[in-house]
Structures are given as structure tokens and as C-alpha cells.
Amino acid sequence: MKPVIGAHHEFHDEEFVAGWADRFVPTPERLELFNVILSELRSSIPKDGRVIELGIGPGYLAEHLLNAMPGINYYGIDFSSPMIEIARQRLGQHSARLDFVQADLVKEAWWAGVTAPINAIISTWALHDLGSQENVERVYKICALALKDDGIFLNGDFIKPDKAIYEYESGRFEIAKHLEILNRAGFKNAECLVVLEEEIESPTAAQNYACFKGII
Ligand SMILES: C[S@@+](CC[C@H](N)C(=O)[O-])C[C@H]1O[C@@H](n2cnc3c(N)ncnc32)[C@H](O)[C@@H]1O
């Protein structure tokens with residue numbers, strides 16, 4: 001039987017989370033994704049803009065952005081206390097510009113704990129973990145509403161490549177489907193900015209990711 005490409009996570013388990021954070025220290029490819037997001041933020045939000053990161057995890061993207069953009073204010077959303085604890089420690093020097101909201105992205109009103117206006121909502125490697133295309137679409141819709149009139153949405157996440165020869169877990173789906181649901185959620189001119197670590201023949205669960213952009 002062919003494998004299903006995906007990963008099993010225990011994000012509420014301290015030991016698993018510490019191991020995950022050690023295993024996934026950013027590689028050059030992931031830094032390329034972080035830099036795509038950085039460059040989009042630099043050109044589209046005010047210097048003191050407000051940024052929400054969905055599924056902040058150990059805080060690698062947050063650290064990259066907070067170092068590079070010294071005026072932004074940052075909100076990290078995650079449902080995992082051990083992840084938030086690791087991120088809090090990593091980002092200690094930025095604590096004056098950083099708040100955490102512990103919430104489930106699908107089941108809880110995470111946006112309610114964030115001061116408006118929000119200039120950007122971003123995420124990497126997280127929304128596929130919501131378990132289905134329907135849940136990703138739900139979050140895309142909430143993001144479109146939270147960004148109101150003038151915001152940017154950037155999601156760098158795992159996809160199912162068009163030429164896939166394996167099944168993929170349901171949170172990983174095709175680029176065209178992401179663009180379709182971003183447009184349906186209310187984003188204008190949704191586009192795919194980059195595809196990274198494309199691998200068709202023998203993919204691991206940490207390959208095949210893309211960065212999507214939507215403007216309100
Ligand atoms: C694979 S990790 C990626 C972490 C980080 N974004 C990165 O790129 O290094 C996914 C993160 O999303 C969080 N997460 C997964 N499902 C979630 C949900 N339903 N609500 C809130 N956070 C969730 C996990 O706790 C974890 O921190």
C-alpha cells in the first residue's frame with residue numbers, strides 16, 4: 001500500500017514539542033520562505049504595523065521578522081502551551097512588542113484578543129494541521145474579515161503537488177484549490193508566490209510547500 005504523505009503530531013506534549021523544535025531549526029529553504037514573507041511585509045505594511053502569526057510554534061519566523069522589522073507589533077496564536085513556552089523564551093528580547101494568544105484556530109475566537117487594526121496575518125507550516133480543506137477555508141474567511149479594508153495575508157504551507165503520485169493528508173491540497181478558497185473567502189488577486197522543496201518521487205512530510213498571498 002502506498003503511504004499517505006503527512007505527519008503525526010502531539011502538540012500538547014512537552015517532550016514531543018521540544019523534539020519538534022530541535023528537528024525543525026530553519027534550513028536555507030525555510031529561510032527563503034521567511035524572506036519571501038519579510039519582503040512582502042516590508043513593502044505593504046506600516047513600519048509600526050500589527051502582525052498576527054497563526055500557529056507560531058517555536059517562534060522561528062517571529063524571531064526572523066521581529067529582528068528585521070524593529071517597529072512591528074506581533075501576536076502569536078497557538079493552542080499548544082509547550083510551543084508558546086518555547087517561543088516565549090526564544091523571543092524574550094522582543095517581549096514589549098509581542099503578545100501570545102493561546103487558542104484553537106478552528107474552535108475559538110482567537111481574533112478577539114487582538115487589537116485592531118491588523119495589517120497582516122501570516123503563517124508557516126501550520127494550517128495543514130487543521131485537518132481538512134474545510135477548516136483551512138474557515139480560517140481563510142476569518143482572516144479576510146479580521147483584516148478588513150487594508151491588509152495582507154501570507155500563508156506558507158504544505159501542499160499536494162499537481163503531479164503527486166501519493167495520497168496526501170487532507171490538510172495538504174493543491175495550489176489551485178488554495179487560490180480558489182482564498183478568492184471565495186474575499187481576498188483579491190490571490191496568488192502563489194513560490195513553491196519550495198518540490199519532490200514528487202519520494203517526498204517526506206517536510207517537503208512540497210508554497211507561499212500564498214491574498215490582499216483585501
Ligand atoms: C508544524 S508546527 C509549525 C510551527 C511554526 N509555524 C513553524 O513554521 O516553525 C504547527 C503549529 O501550529 C499549531 N497548531 C496546530 N493546530 C492548531 C490549532 N488548531 N489551533 C492553534 N494552533 C495550532 C501547533 O501547536 C504548532 O505550534
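First listed ligand is number 1; within each ligand, the first listed atom is number 1. Side-chain atoms are counted along with the backbone in the values below, which use heavy atoms only and exclude waters and symmetry mates.
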Q. Near Leu130, which atoms of ligand 1 are under 4.0 Å from a heavy atom of that residue?
A. 18 (C), 19 (N)
Q. Under 4.0 Å from ligand 1, counting heavy atoms only, is it the side chain of Lys107, its backbone, both or neither?
A. neither
Q | Within reach of ligand 1, part of Leu61 (heavy-atom separation under 4.0 Å) | A | neither
Q.
Heavy atom to atom 19 (N) of ligand 1, shortest distance: which of Val139, Val25, Ile56, Asp104 holds it?
A. Asp104
**Q.** Identity and distance of the protein heavy atom lying nearest atom 20 (N) of ligand 1
**A.** Leu105 N, 2.9 Å
Q. So which bit of Phe11 gets within less than 4.0 Å of ligand 1, heavy atoms only: side chain, backbone, both or neither?
A. side chain
Q: Kindly confirm or rule out an N or O of Gly55 lying under 3.5 angstrom from an N or O of ligand 1.
A: yes
Q: Enumerate the atoms of ligand 1 whose separation from the nearest heavy atom of Ser80 is less than 4.0 angstrom.
A: 25 (O)
**Q.** Contacting atoms of ligand 1, where contact means under 4.0 angstrom from a heavy atom of Trp125
**A.** 1 (C), 2 (S), 3 (C), 8 (O), 10 (C)
(Q) Taking atom CG as the centre, does Asp22 end up with more than 12 heavy-atom neighbours from other residues, nucleotides or ligands that are less than 6.0 angstrom away? (A) yes
**Q.** Note, Asp157 side chain near Thr124 side chain (heavy atom, < 4.5 Å)
**A.** no
(Q) Heavy-atom contact check, 4.0 Å cutoff: does Ile77 meet ligand 1? (A) no
Q.
Going by ring pair (Phe, Tyr, Trp, His ring centres under 6.0 Å), name the residues that satisfy it together with Phe173, two or more places apart in sequence or in a different chain.
A. His178
Q: Determine, using heavy atoms of Ala103 and all atoms of ligand 1, whether some pair is separated by less than 4.0 Å.
A: yes
Q | Selection from Trp110, Phe24, Phe79 by shortest heavy-atom distance to atom 22 (N) of ligand 1 | A | Phe79
Q) Are any of the side-chain nitrogens in Glu169 or Arg172 under 4.0 Å away from the carboxylate oxygens of its partner? A) yes
Q) Hey, which atoms in ligand 1 end up nearer than 4.0 Å to a heavy atom of Asp129? A) 1 (C), 10 (C), 15 (C)
Q) Any side-chain heavy-atom pair from Arg90 and Pro58 closer than 4.5 angstrom? A) yes
Q) Nearest non-hydrogen atom to atom 7 (C) of ligand 1 belongs to which of Arg30, His128, Glu10? A) Arg30
**Q.** Sub-4.0 Å heavy-atom approach of Glu108 to ligand 1
**A.** no
(Q) Does only the side chain of Ser123 get under 4.0 Å from ligand 1, or the backbone, or both, or neither? Count heavy atoms. (A) neither
Q.
Show the atoms of ligand 1 that are less than 4.0 angstrom away from any heavy atom in Glu53.
A. 6 (N)
Q | Side chains of Phe153 and Ile122 in contact at under 4.5 Å (non-hydrogen atoms) | A | no
Q.
One residue to check: Trp20. Relative to ligand 1, which of side chain, backbone, both or neither has a non-hydrogen atom less than 4.0 Å away?
A. side chain
Q.
Taking side-chain hydrogen bond (donor to acceptor under 3.5 Å, both in side chains) as the cut-off, I'd like each qualifying pair that reaches into residues 101-121, sequence neighbours left out, listed once.
A. Tyr75-Thr115, Ser81-Gln102
Q: Would you mind listing which atoms of ligand 1 come within a distance below 4.0 Å of any non-hydrogen atom of Gly57?
A: 4 (C), 27 (O)
(Q) Check for me, please, whether Val114 and Leu91 land in the same ILVMFWY cluster - side-chain distances under 4.5 Å, paths through other members count. (A) no
Q. Are Arg97 and Tyr74 in a cation-pi setup, meaning NZ or CZ lies under 6.0 angstrom from the ring centre and within 45 degrees of the ring axis?
A. no
Q) Do Glu10 and Glu15 come within less than 4.5 Å of each other through their side chains, counting heavy atoms only? A) no
(Q) Please list the nearest protein heavy atom to atom 25 (O) of ligand 1 with its residue and the distance rounded to 0.1 Å. (A) Asp78 OD1, 2.6 Å
Q) When the aromatic ring centroids of Tyr209 and His128 are compared, is their separation below 6.0 Å? A) no
Q.
Run the salt bridge (charged side-chain N to carboxylate O under 4.0 Å, His left out) test on Glu134 and Arg138 for me, step by step, so that the C-alpha distance in whole Å, both residues' side-chain angles and the decisive distance to 0.1 Å come before the verdict.
A. CA-CA 6 Å; Glu134 289 71 30; Arg138 192 168 304 162; over 6 Å; no
Q.
If you define the side chain from C-beta out and look only at heavy atoms, does anything of Ile45 sit under 4.5 Å from Arg50?
A. no
Q.
How far is atom 8 (O) of ligand 1 from the closest protein heavy atom, and which atom is that?
A. Thr124 OG1, 2.7 Å
